[in-house]
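Before any comments, here is the structure.
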Amino acid sequence: MRVRRFLMSLSVLLLVGCSAAAGGLGNVVAPGKVWLSDLDISKTQQGWGEPRKNLSVDGNPLQIAGKKFERGLGTHADSLLYIELNGGSTRFNAQVGVDDEVNRAGSVEFRILADGKPLFKSGMIKSGDAAKTVDVDVTGVTLLILAVDSGDDMNYDHADWADAFFTVSGAAPKTVDAPKEEAVILTPKPSPKPRINSARVFGVRPGSPVLYTIAASGQRPLWFSAENLPEGLTLNRETGQITGKLAKRGEHKITMVATNDLGEARKELRLVVGDTIALTPPMGWNSWNCWACAVDDKKIRDAADAMVKSGLINHGWQYINIDDCWMVRLNSDDPVVGGPRRDEAGRLLTNKRFPDMKGLTDYVHGQGLKIGTYISPGPWTCAGYEGSWQHEQLDARRFAEWGFDYLKYDWCGYGSIVSRPTLEQMKEPYLFMRLCLDRIDRDIVYSLCQYGMGDVWKWGAEVGGNCWRTTGDITDSWGSMAGIGFAQADHAPYASPGHWNDPDMLVVGLVGWGPTLRESRLTPNEQYTHISLWCLLASPLLIGCDLTRIDDFTMNLLTNDEVLEVNQDPLGKQAVRITQDNGREVWAKKMEDGSLAVGLFNRDEIAQTVTTQWSDLGLGGKMRVRDLWRQQDVGSFNGTFSAEVPRHGVVLVRLFPAE
Ligand code: GLA
């Protein structure tokens, strides 16, 4: 009897302990050990893949430098997990390191914050390094944050919190979501007076059709005119579209004018007829981050309509780009996407979701927009659709006939042609398509996509790319966006007009890789960081959300003309990292007028003051500081400027010599 009662109470205790550990019960006493991996680890935010219980991020048994671990959390930098301890735990123990499953060099730093204060820092740990021991006192701690930061970049940063457990004497630890933030709109409403927002420089090749739309905000009706428009070009007074052709090389200084009942705006446009196009980073939309393979003709037309109707077009957004999945799918019985991939002459066919490609491009052009396409140099694309392999010239011609203005050329299936390419082999398919594009009389922005292999930023321009992806695919997590964005510092020397580093497309608004979409999982401050950083990086700006359902907060992110001007500056410099310490980073971009655009970022989990010194920025004397998101002068400063920056947030300013 006594034995039975003892066993019963033991099982009750175990049950309580288990459910408390699983996060099911709140303040339950569960003395002893609680494994981190028994908590709800799905709340982990990370840069790539999904968090795994007792396995690495790729699903293998946990192993660090040859040592196997039965329990733990497999994640990927940049990674964050918020855990409420509510004073119930006394110690946290773990073995941390890079999982052996990566065959390339990953490098990470593990950090623990207790109630906002640093409690543990592992220092940089590389692939092959023995696991480091974590053994920290968490007595009295309410909120514990487990963080893994990437080292150089986030590639191969498979991070393990192995053998991780809490010693619990009171409330059970419980994972929670990161704090919610209010989505505060900072961008002032555009003035009803005319303002011209399109880029101040535009490149076109001799003899190619010109399509430049003067982007202007202000109350409608609004009328456009231009002074010194060279012969061969015409301007549509109502739409601001400049079309025509110029045969001779050279530069034209045109004055663009926009007028409405409230006044007139003037802006100089430098039109350069020469070999280089995309003299400022391309700005537009791409179907992948929202629709992925659920894309069709209607969604593209809807995106074009929405680009105009929402007013995005008035702020310089101009490309509508179709990503993967418009061609015919290999080995597919599905009558919609399967079928013959080319006609008898070898020309590309579309799948049934795109019944009339020429009709579609005409429609998009008719809106004053440009249109882009996508294919792989290999026999198939990433999603398994027809590639250009051995049809390159035909395809380039087809793209031109259809009227495309942008081509994303995605390595993917080419991996079946050369699996371990040398540098020369990496360049080859890109050079070849360049030659094909050179033989057509249409300007097509050439976007290389091969995820940064072989340090593509060093030779992307040499093979004729206008931009080149420097990373793997972005997703809408802080880990991914920040892991990618803040790893771009070394690429700055390779950016110039016509040649841009591309850290991948934007993940603000409704995204989700289709057909179902979700709100971006980035917090409002993370979204400000995303747009500010991409503008400083002079990155192509390709919106990835459903434009037909764009909310006010997202519009605020995408229509701030002073912020976008940083991206579109004709000097074409990419920002460099000035300082970096304890999650605070200062990046600065030289602007054509001699001013500096400066981002004060806070990558940490709590608000911090971020300071920048004139001596670090190469400045002297008094500077006028303008807050670009708020479009307000902050004041004149001498020698230094500081701002309070929220968790994962930014203060973006522009520094002008004070009068
Ligand atoms: C790759 C690219 C993505 C997207 C997909 C399409 O993953 O990096 O941007 O184009 O292919 O399949």
Side-chain angles (χ1 to χ4, degrees), residues 47-49 153-155 281-282 284-296 299-300 303 319-332 337 341 348 350-351 353-354 371-389 395 399 404 406-416 426 429-430 433 445-454 456-457 460 465-477 480-481 483-485 487-488 500-508 511-515 517 520 530 534 539-545:
W48 184 85
D153 60 35
M154 60 175 270
N155 294 339
W285 174 88
N286 171 294
S287 56
W288 187 251
N289 289 353
C290 51
W291 303 122
C293 283
V295 67
D296 58 27
K299 291 200 171 80
I300 299 298
Y319 287 94
I320 295 289
N321 292 352
I322 314 170
D323 206 275
D324 203 347
C325 310
W326 61 266
M327 339 61 183
V328 172
R329 186 158 194 196
L330 274 66
N331 311 318
S332 172
V337 294
R341 308 195 299 263
L348 264 170
T350 60
N351 68 43
R353 292 195 176 126
F354 289 87
I371 181 161
T373 190
Y374 163 103
I375 204 160
S376 170
W380 52 80
T381 67
C382 293
Y385 290 68
E386 175 71 353
S388 276
W389 172 238
D395 289 358
F399 296 148
F404 282 109
Y406 194 109
L407 170 66
K408 174 170 169 185
Y409 207 42
D410 191 348
W411 178 269
C412 252
Y414 201 81
S416 68
M426 272 178 209
Y430 289 99
M433 180 50 87
V445 172
Y446 187 30
S447 157
L448 320 187
C449 177
Q450 44 84 291
Y451 342 111
M453 285 188 308
V456 62
W457 43 91
N466 295 115
C467 50
W468 41 83
R469 276 272 297 279
T470 55
T471 73
D473 290 12
I474 197 168
T475 186
D476 57 329
S477 72
S480 168
M481 185 278 289
I484 288 174
Q488 303 300 312
W500 311 106
N501 293 301
D502 174 6
D504 207 3
M505 303 176 285
L506 303 177
V507 280
V508 299
V511 293
W513 293 266
L517 303 185
S520 170
H530 185 19
W534 264 239
S539 159
L541 296 178
L542 291 171
I543 304 170
C545 70

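Start at 1 and go down the list; that is how both ligands and their atoms are numbered. Treat the numbers as computed from the prediction; the structure is a model and nothing was measured.
Side chain to side chain, N289 and W513 meet the donor-acceptor criterion of an N or O pair below 3.5 Å. N351 and W326 are not linked by any side-chain donor-acceptor pair at a separation below 3.5 angstrom, with hydrogens and angles left out of the test. A side-chain donor from one of Y374 and D410 sits under 3.5 Å from a side-chain acceptor of the other.
Within 4.0 Å of ligand 1, the residues that place a heavy atom are W288, D323, D324, Y374, C382, A383, K408, D410, C449, Y451, R469, D473, listed by chain and number.
The two residues L542 and M505 make their nearest non-hydrogen contact at O-CB, 3.5 Å.
Taking CG of D504 as the start and CD1 of I484 as the end, the distance is 6.0 Å to the nearest 0.5 Å.
Below 30°, between 30° and 60°, or above 60°: for Y430 and W411 the angle between ring planes is below 30°, a parallel geometry.
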